[in-house]
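Naming: A, B, ... by sequence-line order, numbering from 1 per chain.
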There are 2 protein chains.
Amino acid sequence: MRYAHHPATEDLSLPEVMAALSDPLRIGLVRVLADGAERGWGELRAPVAKSTLSHHLRVLRDAGVTRTRQEGTRCFVTLRRRDLDERFPGLVGALLGAAEAEDVGGVHLASDPGAARR
Amino acid sequence: MRYAHHPATEDLSLPEVMAALSDPLRIGLVRVLADGAERGWGELRAPVAKSTLSHHLRVLRDAGVTRTRQEGTRCFVTLRRRDLDERFPGLVGALLGAAEAEDVGGVHLASDPGAARR
DNA sequence: TACCTTGTTCGATATTCGACGAACAACGAA
DNA sequence: TTCGTTGTTCGTCGAATATCGAACAAGGTA
């Protein structure tokens, strides 16, 4: 956890980013982060074990989709929207648009418990 | 080969399409088909065994990215650009734009042998 | 110091994927 | 009918992926 690896913007790989965004749960995580706000991991509610969630967040981070910041024992995550748009213009927007229409994900925020039933 | 399965436009799955488009070779195939023209499989030059190429073309077809038409013993493939744009507006365009910039693929046409060296 | 919370890492397992060669099936041509 | 071409399918391999629970490490808190 200490030295979380974040690829530089110029090192983002299109196939790797596409692969990271091909899992429903990870698409759901990106949707939750789409408003640009930084979220604490504790806010994220996903129907998987915490080790599995940790794994998916790592995949997103390693691909350069998200950025993780550590503060004490807890972590905060943001979407690297600016970097992604710079390298792959329109890709994230198109994905988010499609994901909203499809309601892909199963991830929601702790502050919005009703989302679990939608 | 006989009954190639093509999902209906409304059955396209975003994660499945993203997964299909997360392999460099398959991105290369989509690039070659990006001009909308129908291509015979014999035109496609990719650095893999024919069974592997067949596999990738099947993944694209099953995900609904391409459409295969059979004529005698040979097959022709097209990009389902209209269907994809209808369900996932902007996604294919963004992918192709990024793929061009990155030169992802390693696939070219038999009619353009110079492409192998570019 | 002794907990508690938080997130990572470690096995273990099951599944999927990408790749290949070989065998096969379908069709057209000789 | 006998080939030759074309593309699919099969069997196999190693590598990667998704998932879980358990163990662990780091940092606050009592």
- Query: OP1, OP2 of dT8(D) versus side-chain N and O of Arg61(B): anything below 4.0 Å?
  - Reply: yes
- Let me know which of Thr66(A), Val65(A), Leu29(A) forms a side chain to side chain contact (heavy atoms under 4.5 Å, CB included) with Leu57(A). Leu29(A)
- Verdict with reasoning, Arg31(B) to Leu96(B), per side chain to side chain contact (heavy atoms under 4.5 Å, CB included): CA-CA 6 Å; Arg31(B) 284 179 69 194; Leu96(B) 286 171; 4.2 Å; yes
- The side chain of Ser51(A) lies closest to which of these nucleotides: dC20(D), dA18(D), dT6(D)? dC20(D)
- 5' priority, DNA chain D, between Leu25(A) and His55(B) [closest heavy atom]: His55(B)
- When you get a sec, tell me which of dT8(D), dT5(C), dC20(C) is the closest nucleotide to the side chain of Ser54(B)? dT8(D)
- Message: Tell me whether Arg61(A) contacts the main-chain N or O of Thr68(A) through its side chain, where contact means a donor paired with an acceptor under 3.5 Å.
- Response: no
- Task: Can you measure from CG (Asp83(A)) to CD (Glu10(A)) and round to the nearest 0.5 angstrom?
- Result: 9.5 Å
- Message: Applying a 4.0 Å non-hydrogen cut-off, can you work out what Val48(B) is touching in the nucleic acid: base, sugar-phosphate, or nothing?
- Response: sugar-phosphate
- Message: Whole angstroms only, please: what is the CD-C1' distance between Glu71(A) and dG7(C)?
- Response: 15 Å
- Query: How about Arg81(A): does its CZ atom have over 12 heavy atoms from other parts shown lying under 6.0 Å from it?
  - Reply: yes
- Query: Just how far, in rounded Å, is P of dA18(D) from CG of Asp62(A)?
  - Reply: 12 Å
- From the options dC20(D), dA18(D), dT9(C), select the nucleotide whose nearest atom is closest to the side chain of Asp23(A). dA18(D)
- Message: What is the distance, to the nearest angstrom, from the CZ atom on Phe76(B) to the P atom on dG7(D)?
- Response: 8 Å
- Take Gly40(B) and Thr52(A), find for each the nucleotide of DNA chain D with the closest heavy atom, and name the residue whose nucleotide sits nearer the 5' end. Gly40(B)
- Between C1' of dT5(C) and CH2 of Trp41(A), the distance in whole Å: 15 Å
- Message: At 4.0 Å (heavy atoms only), tell me whether Arg69(B) reaches a base, stays on the sugar-phosphate, or touches nothing.
- Response: nothing
- Message: Is there a side-chain contact between Arg26(A) and the phosphate of dA18(D), meaning an N or O under 4.0 Å from OP1 or OP2?
- Response: yes
- Task: Go through dG18(C), dA19(C), dG21(D) for me and flag the one nearest to the His56(B) side chain.
- Result: dA19(C)
- Message: Any donor-acceptor pair under 3.5 Å linking the side-chain atoms of His108(B) with those of Arg45(B)?
- Response: no
- Query: Looking at dG21(C), dT5(C), dT6(D), which one has an atom nearest to any side-chain atom of Thr73(B)?
  - Reply: dT6(D)
- Task: Round to the nearest Å and state the distance from Leu60(A) atom CG to dA18(D) atom C1'.
- Result: 14 Å
- Task: Would you mind reading off the distance between His5(B) atom NE2 and dT9(D) atom C1', rounded to a whole angstrom?
- Result: 18 Å
- Query: Rounded to whole angstrom units, what separation is found between the CD atom of Gln70(B) and the C1' atom of dA25(C)?
  - Reply: 11 Å
- dT9(D), dA23(C), dT6(C): which one has an atom nearest the side-chain heavy atoms of Lys50(B)? dA23(C)
- Query: For the pair made of CG in Leu53(A) and C1' in dT19(D), what is the distance, rounded to whole Å?
  - Reply: 12 Å
- Closest nucleotide among dG21(D), dG7(D), dG21(C) to the Ala49(A) side chain: dG21(D)
